[in-house]
Amino acid sequence: MPELPEVETTRRHLEPHLIGRTIREVRIHPGGERLAITHSPRELERELVGRRLESLGRRGKYLIAGLDDGRCWVVHLRMSGSLVWRKASDGAHAYERAWVELDDGGTLRFNDLRKFGTWHLVEDAVDAMPNLGPDALSEEFSAPWLRAQLGRRSIAVKSALLDQKVAAGVGNIYADEACFIASIDPRTPANRLGPRRVGRLHAGVLEALTRSLEDGGTSFSNYLDGNGDEGLHRIHVHVFRREGESCDRCGSTIRKIRLGGRGTHFCPGCQRR
DNA sequence: ACTATGCCCTGGGTGC
DNA sequence: TGCACCCAGGGCATAG
């Protein structure tokens with residue numbers, strides 16, 4: 001599942017291949033049509049051809065390519081998507097949904113087993129991501145901001161962390177990891193956390209994201225970075241998908257429950273309500 | 001304004 | 001071996 005560290009790793013890998021390049025051809029393959037949100041697949045192919053790529057940014061889990069006509073090509077990988085740079089002569093990945101050829105002969109391949117990924121072509125990037133809060137690694141995502149957001153929600157704190165209005169880029173892996181780092185039970189109502197615990201949670205979010213980013217992202221399910229490689233972060237995960245194993249911190253057995261429809265992993269020994 | 005639920009999608013795993 | 005079923009979950013629509 002690509003979350004902030006995985007999307008940022010992809011962005012860093014792709015940026016040197018893309019900047020200054022002009023798109024020569026775009027092919028959205030049969031079966032991949034649903035990725036096109038703002039245009040029909042054929043229109044989207046036509047509109048992208050001939051555009052020069054001027055920047056590659058990211059906000060939350062969205063990749064944002066700035067085009068020479070001022071518009072933005074916004075890509076979301078959702079559950080199983082990857083965007084990988086390849087030579088044109090390289091073979092297709094099993095779940096390749098689209099092909100983008102550049103003027104130097106390089107290609108971008110959009111792979112997506114479960115077809116949840118999206119492409120928007122918009123005047124302003126925010127048109128593709130309404131209601132998105134501050135990026136979790138930006139200055140705007142501060143402890144006071146988190147305190148204010150959690151204070152007006154009664155849902156479980158882990159569910160609140162998944163709300164992209166609260167912290168753009170945090171997904172299921174890092175929400176669980178942040179609660180563990182902060183020693184907070186993920187079921188605790190968000191508005192019952194005091195300032196000290198919110199401060200710990202804020203630090204936990206940053207630590208979980210930053211440490212994963214240093215290792216180039218996490219390799220669960222179908223994630224591939226911009227070079228087509230799996231990430232390494234799995235070895236550093238404290239609780240995610242470790243149910244039945246013992247806690248790094250206290251030795252208790254890690255549990256898995258369902259919270260807000262999501263699999264949730266935590267240590268019942270050292271994460272407190 | 002907030003909360004809960006269902007939908008989209010497909011491969012892998014489980015149980016019979 | 002085959003088949004039915006459930007699970008994974010990000011973001012959005014909808015209803016309450």
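Not measured: the values here are computed from a predicted model. Here is the naming used below: chain letters follow the sequence lines, and residue numbers restart at 1 for every chain.
When rounded to the nearest whole Å, the span between CZ of A:Arg153 and P of B:dT3 equals 6 Å. Residue A:His93 contributes atom NE2, which lies 14 Å from atom C1' of B:dT10 at whole-angstrom precision. The CZ atom of A:Arg78 sits 15 Å away from the P atom of B:dT10 (whole-angstrom rounding). Straight-line distance from the CG atom of A:Asn111 to the P atom of B:dT10: 15 Å, rounded to whole Å. In this structure, the CG atom of A:Asp112 is 13 Å from the C1' atom of B:dG11, given to the nearest Å. Straight-line distance from the CG atom of A:Leu35 to the C1' atom of B:dT10: 16 Å, rounded to whole Å. Atom CD1 in A:Ile155 sits roughly 12 Å away from atom C1' in B:dA1 (whole-Å rounding). At whole-Å resolution of the value, CG in A:Leu150 and P in B:dA1 are 18 Å apart.
Annotation: side chain of A:Pro134 is in contact with side chain of A:Trp145 (closest heavy-atom distance under 4.5 Å). A:Leu121 places a side-chain heavy atom less than 4.5 Å from the side chain of A:Leu67.
Closest-nucleotide positions on DNA chain B for A:Arg97 and A:Arg262 were compared, and the one nearer the 5' end corresponds to A:Arg262. In this structure, A:Met129 and A:His265 both approach DNA chain C, and ranking their closest nucleotides by distance from the 5' end singles out A:His265.
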Given A:Leu102 and A:Thr107, is the side chain to side chain contact (heavy atoms under 4.5 Å, CB included) satisfied, shown in steps?
-> CA-CA 6 Å; A:Leu102 308 172; A:Thr107 59; over 6 Å; no
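Note on A:Gly261: nothing from the nucleic acid sits closer than 4.0 angstrom, heavy atoms only. Residue-level contact check: A:Ser154 touches the backbone only, with heavy atoms under 4.0 Å from sugar-phosphate atoms and none from bases. Contact annotation for A:Lys165: no contact, since no heavy-atom pair falls under 4.0 Å across all strands.
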Let me have the donor-acceptor pairs involving side chains of residues 253-261 of chain A, under 3.5 Å, with sequence neighbours excluded, atom names and distances please.
residue: A:Arg258; atom: NH2; partner: A:Gly261; partner atom: O; Å: 2.7

Show the atom names and distances, to 0.1 Å, of all donor-acceptor pairs under 3.5 Å that link a side chain in residues 87-94 of chain A to residues at least two apart or in another chain.
residue: A:Asp90; atom: OD2; partner: A:Lys87; partner atom: N; Å: 3.3
residue: A:His93; atom: ND1; partner: A:Tyr95; partner atom: N; Å: 3.1

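Between the side chains of A:Ser154 and A:Asn191, no donor N or O sits under 3.5 Å from an acceptor N or O. One side chain, A:His29 or A:Glu96, offers a donor N or O that lies under 3.5 Å from an acceptor on the other.
You can see that DNA chain C meets the heavy atoms of chain A within a 4.0 Å-exclusive cut from C:dA8 to C:dC12, reading 5' to 3'.
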